2 protein chains.
Amino acid sequence: MSQRNTPVPAEEVVAEACPLREVLDRVGGKWSIQVLVAVVRGPIRFTELERSIDGISRRMLTLTLRSLERDGLLERTVYPTVPAKVEYRATPIAEELHQHLVGLTQWAERHRSDVAVARRAYDLAAKATTGLTQPFGPRTNTA
Amino acid sequence: MSQRNTPVPAEEVVAEACPLREVLDRVGGKWSIQVLVAVVRGPIRFTELERSIDGISRRMLTLTLRSLERDGLLERTVYPTVPAKVEYRATPIAEELHQHLVGLTQWAERHRSDVAVARRAYDLAAKATTGLTQPFGPRTNTA
DNA sequence: CCGCATCCTAGAGGATACTG
DNA sequence: CAGTATCCTCTAGGATGCGG
């Protein structure tokens, strides 16, 4: 699609990439997305989250929740019963974000196999060069 | 939008979150996105990339490029001139991915201020509880 | 039930020097 | 020009135990 060829206007690259980094800073953590996905389905309690997200530690769940709450993606409600009950729910902007993430999910599923193929090809070519020294060029198309 | 409330079907959460993690594994690195954005604009050489991405080291640029190439998002072409010339270009699936990322960018820009506000509110409330002990509940809505 | 405090480790990423 | 090799730092995240 795009086919421009300036010596690369450095500042434009930054301008476009920067907001993306902001997103990743919120959602790029190891657990953020799974928490987000779980919470978007409806209000959910701490322990339920802990159970539905396999492998997460209490500590990381807390940290992730705090981080998302801090950014306004989650809302925390404490019911002062004994023992206490805490509920988390997604805010509107989180649900909106989630929609975009669904787009990414679909991309991933559409191209999962393409990526796998590319990966095998690459690793194979790499092994070829690392192994015996081939008569012709290394691992890439020498055009 | 969503308002279901089962004890959270754990496996569905995994099923939805997993492809997303795959995407992040490719693009979640500190530099991947900036490289992607730069490359999508058209074929570009190593040194041009190095110049257009501020703060990146030769090492990290190489690693990031290799990683993206391995996943079939970038294509590397070596022109055997002296000194050598290497060109990187985005593959179709990378451009497709880029489209989705643009969606995320727009979300980020739409809600940049909302997030900033939420953040200040949170930090302020936190400071309140950490500081003097307030007569009424901690930092969250006790419903 | 919900969470904070503490300790610890692996690996991402920076700085720098060398090379076909 | 376009990388590799080496070394070093720093922090995200895991394990565990206590407490309201």
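Everything numeric in this text was worked out from a predicted model, so none of it was measured. The sequence lines fix the lettering, A, B, ..., with proteins before strands; numbering per chain opens at 1.
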For atom [atom1] of [X] and atom [atom2] of [N], their distance in whole Å:
X      : N       : atom1 : atom2 : result
R51(A) : dC1(C)  : CZ    : C1'   : 11 Å
R21(A) : dG13(C) : CZ    : C1'   : 12 Å
L61(A) : dC1(C)  : CG    : P     : 14 Å
E50(B) : dT4(D)  : CD    : C1'   : 14 Å
M60(A) : dA10(C) : CE    : P     : 17 Å
L24(B) : dA12(C) : CG    : P     : 15 Å
I33(B) : dA12(C) : CD1   : P     : 17 Å
D25(B) : dG11(C) : CG    : P     : 14 Å

Closest to the [X] side chain: [options]?
X      : options                  : answer
K30(B) : dA2(D), dG14(D), dG13(C) : dG13(C)
P83(A) : dG14(D), dC1(C), dA2(D)  : dC1(C)
R66(B) : dG3(D), dC1(D), dG14(D)  : dG3(D)

- Message: Tell me if the side-chain of R59(B) makes a donor-acceptor pair with the base of dG3(D), cut-off 3.5 Å, by modelled atom types.
- Response: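 For R59(B), whose side chain was compared with the base of dG3(D), there is no donor-acceptor pair (under 3.5 Å).
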
- Item | Under 4.0 angstrom between R76(B) side-chain N/O and dG3(D) OP1 or OP2 |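 Answer yes for this pair, as a side-chain N or O of R76(B) is under 4.0 Å from OP1 or OP2.
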
- Query: Salt bridge between E16(B) and R41(A), side-chain N to carboxylate O under 4.0 Å?
  - Reply: yes

- Charged N-O contact under 4.0 Å between D25(A) and R21(A): yes

- Message: Which is more 5' along DNA chain C, the nucleotide nearest I56(B) or the one nearest L63(A)? Just name the residue.
- Response: L63(A)

- Item | Given DNA chain D, 5'-ward residue of the pair V86(B) and G29(A), judged by closest heavy atom | V86(B)

- Item | Side-chain touch E95(A)/T91(A), heavy atoms, less than 4.5 angstrom | no

- Item | Validation row: Y88(B), V35(B) side chains within 4.5 angstrom (heavy atoms) |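 No. Closest side-chain heavy atoms not under 4.5 Å.
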
- Among K85(B), E87(B), R58(B), the one residue meeting side-chain contact (heavy atoms from CB on, under 4.5 Å) with F46(B):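 It is R58(B), the one option of K85(B), E87(B), R58(B) that forms the side-chain contact (heavy atoms from CB on, under 4.5 Å) with F46(B).
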
- Message: Over all strands shown, is T62(A) touching base, sugar-phosphate only, or nothing at heavy-atom distances under 4.0 angstrom?
- Response: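 It contacts sugar-phosphate atoms only.
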
